[in-house]
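Lettering of chains follows the sequences in order, A, B, ..., and the numbering in each one begins at 1. Nothing here was measured: the structure is a model prediction, and the numbers come from that model.
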2 protein chains.
Amino acid sequence: MPVDLGHSQALRLLHDVSLQLVRDGGVDLSNRQMSILLTIYLELPPHTVRGLAQKLNVTKPVITRALDAMGDMDLVARRRDPADRRNVIVQRTVQGALFLEKLGDLVVANARALQP
Amino acid sequence: MPVDLGHSQALRLLHDVSLQLVRDGGVDLSNRQMSILLTIYLELPPHTVRGLAQKLNVTKPVITRALDAMGDMDLVARRRDPADRRNVIVQRTVQGALFLEKLGDLVVANARALQP
DNA sequence: TTAAATCGTTACGGTTCCGTATCGAAGGCC
DNA sequence: GGCCTTCGATACGGAACCGTAACGATTTAA
């Protein structure tokens with residue numbers, strides 16, 4: 001699906017997508033939460049609290065709290081690492097995969113509608 | 001700048017952009033704030049508190065508070081409507097235009113880097 | 001076997017945002 | 001003039017998030 005993405009189209013795409021997310025009033029994630037969620041689902045596992053904190057350049061409590069919030073929404077899950085029980089492995093969930101699938105659809109649909 | 005934007009590339013683009021925004025730790029806007037800012041700069045003026053509230057499907061205090069916060073950052077400005085002094089006209093600023101320009105560049109650069 | 005290091009979580013005070021309800025200012029209408 | 005509507009802002013109590021600092025659990029090293 002080739003899309004002619006210039007400066008103006010890029011901003012328009014962000015505008016349309018964010019507007020629909022806000023208007024629908026469904027799952028409401030902060031920038032950090034969204035960034036964490038996308039990292040978990042798009043980058044290679046395993047994901048730990050410490051690893052995510054380093055990658056996002058934030059402190060560990062930020063990750064813990066974000067995982068708490070997203071865990072309550074069933075978007076991610078946590079599991080102790082059996083090899084080193086100090087570590088926590090962050091895992092994907094069906095609910096989280098579903099949410100990201102819809103998000104991807106939303107972006108693609110808006111990118112397509114962008115063309116004149 | 002044609003970009004092959006499928007489902008997977010769309011999510012990857014969101015991931016890369018949001019990750020860089022979080023990592024840089026600069027201007028940190030919520031989804032609602034970002035949505036308001038993009039609406040002000042991409043849609044036709046004039047923009048009023050009430051109009052933005054309707055468009056985003058949120059209450060008026062949400063808009064007032066977002067404008068307070070973004071006004072402190074000089075991303076937007078407010079002015080009374082001289083024709084009907086009950087209204088407040090939301091205006092763009094140099095600082096805001098600059099921020100959105102950089103944001104557009106970021107999206108375009110990441111979209112370009114997406115291609116294999 | 002102690003001592004030190006690492007990992008994720010929690011405690012704390014402070015800040016920001018939320019939704020509901022209400023407010024004063026301004027305009028429209030009789 | 002008096003009444004009602006509309007506009008944006010504010011008050012309020014509650015919830016969420018922040019950064020710093022400490023904590024318990026676990027592993028590693030001496």
Rounding to an integer number of Å, can you tell me how far B:Leu56 CG sits from C:dG19 P? 12 Å
Assess the residue pair A:Asn57 and B:Val22 against the criterion (side-chain contact (heavy atoms from CB on, under 4.5 Å)); give the C-alpha distance rounded to whole Å, side-chain angles, the decisive distance to 0.1 Å, and a yes or no. CA-CA 8 Å; A:Asn57 195 30; B:Val22 169; over 6 Å; no
In this structure, how many angstroms lie between the P atom of D:dC17 and the CD1 atom of A:Ile63, rounded? 13 Å
When A:Val62 and A:Asp81 are each assigned the nearest nucleotide of DNA chain D, the 5'-most assignment goes to A:Val62
Under 4.0 Å, counting only non-hydrogen atoms across every strand here, what does A:Thr48 touch: a base, just sugar-phosphate, or nothing? sugar-phosphate
Over how many whole Å does the gap from B:Arg80 atom CZ to C:dA25 atom C1' extend? 8 Å
D:dA16 phosphate, OP1 or OP2, under 4.0 Å from A:Gln33 side-chain N/O: no
Given C:dT9, C:dA25, C:dA5, the nucleotide with the shortest approach to the side chain of A:Pro61: C:dT9
Taking atom C1' of D:dG8 as reference, at what distance in whole Å does atom NE2 of B:His47 sit? 17 Å
Separation of atom CG in A:Asp28 from atom P in D:dA15, rounded to whole Å: 17 Å
When A:Leu67 is tested against each of A:Ile40, A:Leu37, A:Val88 for side chain to side chain contact (heavy atoms under 4.5 Å, CB included), which residue passes? A:Ile40
State whether the side chain of B:Arg78 and the backbone N or O of B:Ile89 hold a donor-acceptor pair below 3.5 Å, judged by distance alone. no
I'd like to know if the side chain of A:Arg12 and the backbone of B:Leu42 have a donor-acceptor N/O pair within less than 3.5 Å. yes
Base C:dG19 to side chain B:Arg65, donor-acceptor N/O within 3.5 Å cut-off: yes
Report the nucleotide, chosen from C:dA5, D:dT10, D:dC18, that has the shortest atom-to-atom distance to any side-chain atom of A:Arg32. D:dC18
To the nearest Å, give me how far apart CZ (B:Arg78) and P (D:dG8) are. 10 Å
Between B:Thr64 and D:dG8, is there a side-chain N or O to OP1/OP2 distance below 4.0 Å? no
Within the distance-only criterion (no hydrogens, no angle test), does the side chain of A:Arg23 pair as donor or acceptor with the backbone N or O of B:Lys55 below 3.5 angstrom? yes
What is the distance, rounded to the nearest whole Å, between atom NZ of A:Lys60 and atom P of C:dA11? 16 Å
Using whole Å, report how far CD1 of B:Ile36 lies from C1' of C:dC18. 13 Å
Can you tell me if the side-chain N/O atoms of B:Arg50 get under 4.0 Å from OP1 or OP2 in D:dC7? yes
Taking only the side-chain nitrogens and oxygens of A:Arg85, find out if one of them lies under 4.0 Å from OP1 or OP2 of D:dT26. yes
Under 4.0 Å between a side-chain N/O of B:Arg86 and OP1 or OP2 of D:dT5, yes or no? no
Which nucleotide in D:dC7, D:dA9, D:dG19 has an atom nearest any side-chain atom of B:Asn87: D:dC7
